[in-house]
Amino acid sequence: MRVLDAAPAGSAADRYLRWAGLLIGVVAAQVVGHAVADGEAGILYAIPVFGLCVVAAVLSADALTARPHGPVRTAHLAPRRVRDYVPPRMTVLLIVEAALLAALLVVAGVLASSDEMGRADRSLTVTCSNGSTVSTAPWPGLFYGLPILASLAVSTAVCLWSLTRIARRPGDEATRRNRALAIVAAWGLLVSAPLLGAASTASGALLDIACDGTAARIGNWVLWPTALIALGTVPWCLFTVISPKARGYR
């Protein structure tokens with residue numbers, strides 16, 4: 001059993017870069033949300049832009065921090081692994097959320113239809129039991145889902161590479177854990193925030209359908225808890241990005 005006590009936060013420049021990433025992300029999200037999509041649906045573009053800015057800031061802060069010099073210690077027979085430095089429970093939760101996000105966007109993309117202006121994958125069209133057709137928008141179809149999935153794929157690959165680099169380079173255990181925690185939290189923000197936006201948007205669209213059937217009710221019973229879980233994860237990720245501190249791994 002191995003326990004790590006509280007470790008000091010990173011340097012001032014490290015913290016400034018993370019704060020800058022958050023502020024730049026807010027501005028970029030507003031610009032992209034208004035420029036790319038119309039109305040309230042712009043949030044589905046704004047969220048991944050914000051998350052990418054945060055991930056880029058955290059990775060930049062790690063890359064620009066001076067490294068300790070000297071040979072890498074090899075006291076143990078087994079090499080250091082990424083999973084030894086990430087928060088185990090939160091990492092599992094974020095992986096589950098990422099799977100839920102991917103599944104939600106794929107299902108929403110399959111069910112999506114064109115809106116009233118003929119723009120593809122932006123609305124949901126349902127045929128009621130009486131034969132009438134009801135359409136509602138916005139809906140997280142492929143028009144919104146593909147950018148989210150692309151940003152998630154890119155950020156996942158880059159964060160895994162960075163975590164591997166942190167695990168193998170010289171340095172003390174506390175620093176490795178703190179930096180790994182910051183990267184996991186930044187990636188988690190890019191997972192949980194889009195999940196919250198997509199689940200909330202899909203749930204709102206289902207509630208907007210007048211002839212709400214069994215499938216829609218089941219969908220809402222799945223979407224509501226998903227949105228609540230993501231809502232609880234977002235503040236943790238934000239706080240951890242600002243001040244990552246590994247407080248005890250067992």
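This one's a predicted model, so the numbers in the text were calculated from it and none came from an experiment.
In this structure, CZ on R177 lies 7.0 Å from CG on D84, to the nearest 0.5 angstrom. Distance check, rounded to the nearest 0.5 Å: CD1 of I242 to SG of C237 gives 11.5 Å. Interatomic distance, L94 CG to R89 CZ, rounded to the nearest 0.5 Å: 14.0 Å.
Residues L111 and L124 have side chains in contact (heavy-atom distance under 4.5 Å, counting atoms from C-beta outward). Between L17 and V58 the shortest side-chain heavy-atom distance does not fall below 4.5 Å. Using a 4.5 Å cut-off on side-chain heavy atoms (C-beta onward), L181 and P87 make contact. Side-chain atoms of L189 and F50, non-hydrogen and from C-beta on, do get closer than 4.5 Å to each other. Between V26 and Q30 the shortest side-chain heavy-atom distance falls below 4.5 Å.
In this structure, V222 is not a member of the same hydrophobic cluster as L231, with clusters built from ILVMFWY side-chain heavy atoms closer than 4.5 Å. In the hydrophobic clustering of ILVMFWY residues, with side-chain heavy atoms under 4.5 Å counting as a link, V154 and V191 come out together. No continuous path of ILVMFWY side-chain contacts below 4.5 Å connects L160 to V96, so the two sit in separate hydrophobic clusters. Hydrophobic cluster membership differs between L195 and L142, with clusters built from Ile, Leu, Val, Met, Phe, Trp and Tyr side chains linked at under 4.5 angstrom. A continuous path of hydrophobic side-chain contacts links V234 to W19 [ILVMFWY only; heavy atoms under 4.5 Å].
S200 places no side-chain N or O within donor-acceptor distance of the main-chain N or O of G197, the cut-off being under 3.5 Å. No donor-acceptor pair under 3.5 Å is formed between the side chain of R122 and the backbone N or O of A112.
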Could you go through the side chain to side chain contact (heavy atoms under 4.5 Å, CB included) check for W187 and L152 one step at a time?
-> CA-CA 8 Å; W187 180 76; L152 180 61; 3.9 Å; yes
For side chain to side chain contact (heavy atoms under 4.5 Å, CB included), just list the numbers for V158 and L59, CA-CA rounded to whole Å, side-chain angles, deciding distance to a tenth of an Å, and then say yes or no.
-> CA-CA 9 Å; V158 175; L59 295 180; 3.2 Å; yes
Run the numbers on V54 and L190 for side chain to side chain contact (heavy atoms under 4.5 Å, CB included), then give the verdict.
-> CA-CA 8 Å; V54 175; L190 195 54; over 6 Å; no
Carefully, step by step, assess Y85 and I166 under the rule side chain to side chain contact (heavy atoms under 4.5 Å, CB included).
-> CA-CA 9 Å; Y85 298 98; I166 287 173; 5.7 Å; no
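Across every non-hydrogen atom of I229 and E97, the tightest pair is CG2-OE2, 3.3 Å. Scanning both residues, C159 and V55, for their nearest heavy atoms gives SG-CG1, 3.9 Å. Across every non-hydrogen atom of L101 and A198, the tightest pair is CD1-CB, 4.4 Å. For S151 against P48, the heavy-atom pair with the smallest separation is OG-CB, 3.6 Å. The minimum heavy-atom distance linking P147 with Y144 is given by the pair CD-O, 3.3 Å. Taking both residues in full, the closest heavy atoms of A137 and S123 are given as CB-CB, 3.8 Å, listed atom of the first, atom of the second, then distance.
No hydrogens or angles considered: nothing links the side chains of W139 and T201 as a donor-acceptor pair under 3.5 Å. For the residue pair S135/T125, the side-chain donor-acceptor check at 3.5 Å is satisfied. Between T233 and S192, the side chains place no donor N or O within less than 3.5 Å of an acceptor N or O (distance only, hydrogens not considered).
Summarising the local packing, CH2 of W224 is surrounded by more than 12 heavy atoms from other residues, nucleotides or ligands at distances under 6.0 Å.
Just one of L223, I148, T226 meets the side-chain contact (heavy atoms from CB on, under 4.5 Å) condition when paired with L104; it is L223.
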